[in-house]
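In what follows, a single structure is set out as structure tokens and then discussed.
By convention in this document, chain letters (A, B, ...) are assigned in the order of the sequence lines, proteins followed by strands, and residues within each chain are numbered from 1. Since the structure is predicted, the reported quantities are computational estimates derived from the model, not experimental observations.
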Amino acid sequence: MISTTPHADPTSPQLPGQMHRELRGGVRLSGDVLLSHGLLYGILVAYASAVYGIVVTCGGFIYWWTINPPWWFTLLALVIIVATILPVRSWLHTCIDRLVYDWHDDPYAVINELRQHLDLEPDQTPQTILPAIVATIAATLRLPYVEITAEFGSGAQTTTYGTQLTQTDPLTIPLIYRDVQIGALHTAGRRPNEPLSASDLRLLHDLARQVGITLHAARLSNALQASREQLVTAREEERRRIRRDLHDGLGPTLAALRLQLGALRHTVHDNPDEAVRILDELRADVRSATADIRRLVYDLRPPLLDEFGLVGALRNLELSTDELTRTVDAPAELPSLPAALEVAIYRIASEALHNIVRHAQATHCAINLDVDETTATLCVTDNGCGLPASYLAGIGHRSMHERATELGGSVTILPMLAGGLSIIARFPRTGAQDD
Amino acid sequence: MNRPRSYTIAAVLIVLYNVISLMFELPNLLQGPGEISPGVEGPPVFLSIINFTLLILGLVSAYGVWQVQKWGVTLALIVAALGILTGIPAIIFAPFLALRVIGVIGVIWSAAIIVLLLRPRPNSITA
């Protein structure tokens, strides 16, 4: 009855037992169906009885107030009943169905039911909540066909309940959260050639709002999970890199030093000249090891940040050319920023300067750092040639975007009217401070 | 609450019908079985009890219809249909034509209530 088409993950979700039972019995044998049929046939019997009673009584009037009119009055009553029973049945059927199915005493009860069904889901993933949502909407509104298509990070996913009846008007309601369309809800009328009522549409739009919020939460949950995985992966990659550097670089250097010291011990008395040569080699190796350690430490956190602070580090960023002048504009008293934010700003500024030197043919660049209570903004502007028409984001720009996104920020690259480029990185301060 | 006019009329009709009927039914119920005229037996007690119950349920349903509640409309439809069904024997087996006419009026009254309750589209209702 429910089919799910996850474009990325083809595993079919399992419907909880309770929901499954409701779906099986919800449409065919529900109390509403029994009530509808009971009312229909009860009123039809009452109608036939009423016609018979009224015709026979009218016969009594016509025939001189007699109680027992001629037999053909009974026949007349039967003819009237037979002639009118089908149109009356059709009219009653429509009216009673409308009363039983289309009348929603309390729309909030339907929304609440949706929430309760969603609460039953152990994990709020798209694979579990979409079948629950379509099943709840179909069961509570007695709709024969409900389909939701939603966009998730892993791709679009479509979940369908039932099938659309022929000659029913299709209806599509966008699922929106904060002006962003997350997906769409597709449904259709309950009966051929009969569109959904206004109360149905109102309720569906209310439900669509709730579904939009739910799907947005599921998307956030998905993104959070992916982010966690990225974080763990990045940490492991970083550990592996440090381990490799220590093992392949510093380790052999120290081992070589130990061997050279052993050789020096044997030669220092017998062959002083050779000892001096070994000492020279030792000094070069120690210098190399020291450089390795510096590089390792620099990769972990730029030492300039600890030495001069963020503004000082920006002023002292090393440029590989003397043709580029630079100005740094920053608050005199920079508030305390989280270490991750300082590193991100420093790295982005460094990357931006590196790009200016390599590609912009600029003579001047301005670094502007602005920090208020909610946002830290870095702006690097140059007077170079700007971006080429066939510009494609390279590793440097992607790296800047990633660094900003990791901290909930963003990077915008704007061409300047007078030529050159402006790279603006914005970071939220609240989240960073919480870290 | 936006009550359709047909529901207002139906609720008034139900209350009028049930109050008037109660005024006639209550003495019958209290008096018990007996002759309504010389040589003519009155309705059986169980029929009076059923009628009395239906009348009370009818009043309850009138409240539901007035409040534009789905249960009220449903109950009113059931009571009106049962009112017709119990009214037919009264028409057919009535000893006097006058009683038969009263029965017919009751049946038409109930039919009118059914039509009024089924007439409005629920989408015009904001309950």
Side-chain angles (χ1 to χ4, degrees), chain A residues 31-32 34-36 38-69 73-74 77 88 91-109 194-203, chain B residues 1-2 4 6-7 40 54 64-65 67-127:
Chain A
D32 282 343
L34 292 175
L35 177 65
S36 168
L39 277 176
L40 174 65
Y41 291 108
I43 293 175
L44 269 182
V45 170
Y47 166 76
S49 309
V51 169
Y52 175 77
I54 289 167
V55 169
V56 169
T57 306
C58 288
F61 277 120
I62 293 167
Y63 276 83
W64 309 101
W65 296 82
T66 177
I67 288 178
N68 296 312
F73 269 95
T74 305
V88 169
W91 180 76
L92 279 175
H93 192 258
T94 306
C95 292
I96 290 172
D97 271 8
R98 204 175 283 147
L99 169 74
V100 172
Y101 298 125
D102 297 5
W103 189 348
H104 314 292
D105 272 336
D106 186 3
Y108 296 107
E194 193 174 313
L196 292 170
S197 66
S199 67
D200 281 328
L201 292 179
R202 274 199 300 272
L203 189 52
Chain B
M1 182 169 54
N2 179 18
S6 59
Y7 278 18
V40 179
L54 283 178
V65 173
Q67 293 291 325
V68 199
Q69 295 295 309
K70 188 176 174 181
W71 63 264
V73 177
T74 307
L75 183 60
L77 283 171
I78 293 169
V79 170
L82 287 174
I84 291 174
L85 289 174
T86 54
I88 295 304
I91 294 173
I92 295 170
F93 301 113
F96 314 115
L97 195 61
L99 281 180
R100 189 174 280 194
V101 171
I102 291 171
V104 168
I105 291 171
V107 166
I108 292 174
W109 199 291
S110 297
I113 290 169
I114 290 175
V115 171
L116 284 168
L117 291 177
L118 290 180
R119 210 171 70 89
R121 290 181 64 87
N123 60 24
S124 63
I125 298 166
T126 47

message: Using a 4.5 angstrom heavy-atom cutoff, name the option from Ile43(A), Leu92(A), Leu44(A) with the most pairs to chain B.
response: Ile43(A)
query: Using non-hydrogen atoms only, which part of Ile78(B) is less than 4.5 Å away from chain A: side chain, backbone, both, or neither?
result: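 For Ile78(B), heavy atoms of backbone and side chain both lie under 4.5 Å from chain A.
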- prompt: Non-hydrogen atoms of chain A under 4.5 Å away: do they reach the side chain of Ser110(B), the backbone, both or neither?
  reply: neither
task: Find out whether Tyr52(A) and Thr74(A) are in side-chain contact, i.e. whether some heavy atom of one side chain is under 4.5 Å from a heavy atom of the other.
output: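 Tyr52(A) vs Thr74(A): side chains touch.
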query: Can you find a heavy atom in the side chain of Leu99(A) that is under 4.5 Å from one in the side chain of Leu77(B)?
result: yes
- request: Before giving the answer on side-chain contact (heavy atoms from CB on, under 4.5 Å), spell out for Tyr7(B) and Leu117(B) the whole-Å C-alpha distance, their side-chain angles and the decisive distance to 0.1 Å.
  value: CA-CA 6 Å; Tyr7(B) 278 18; Leu117(B) 291 177; 4.3 Å; yes
- prompt: Can you check side-chain contact (heavy atoms from CB on, under 4.5 Å) on Tyr47(A) and Ile114(B), steps first, answer last?
  reply: CA-CA 10 Å; Tyr47(A) 166 76; Ile114(B) 290 175; over 6 Å; no
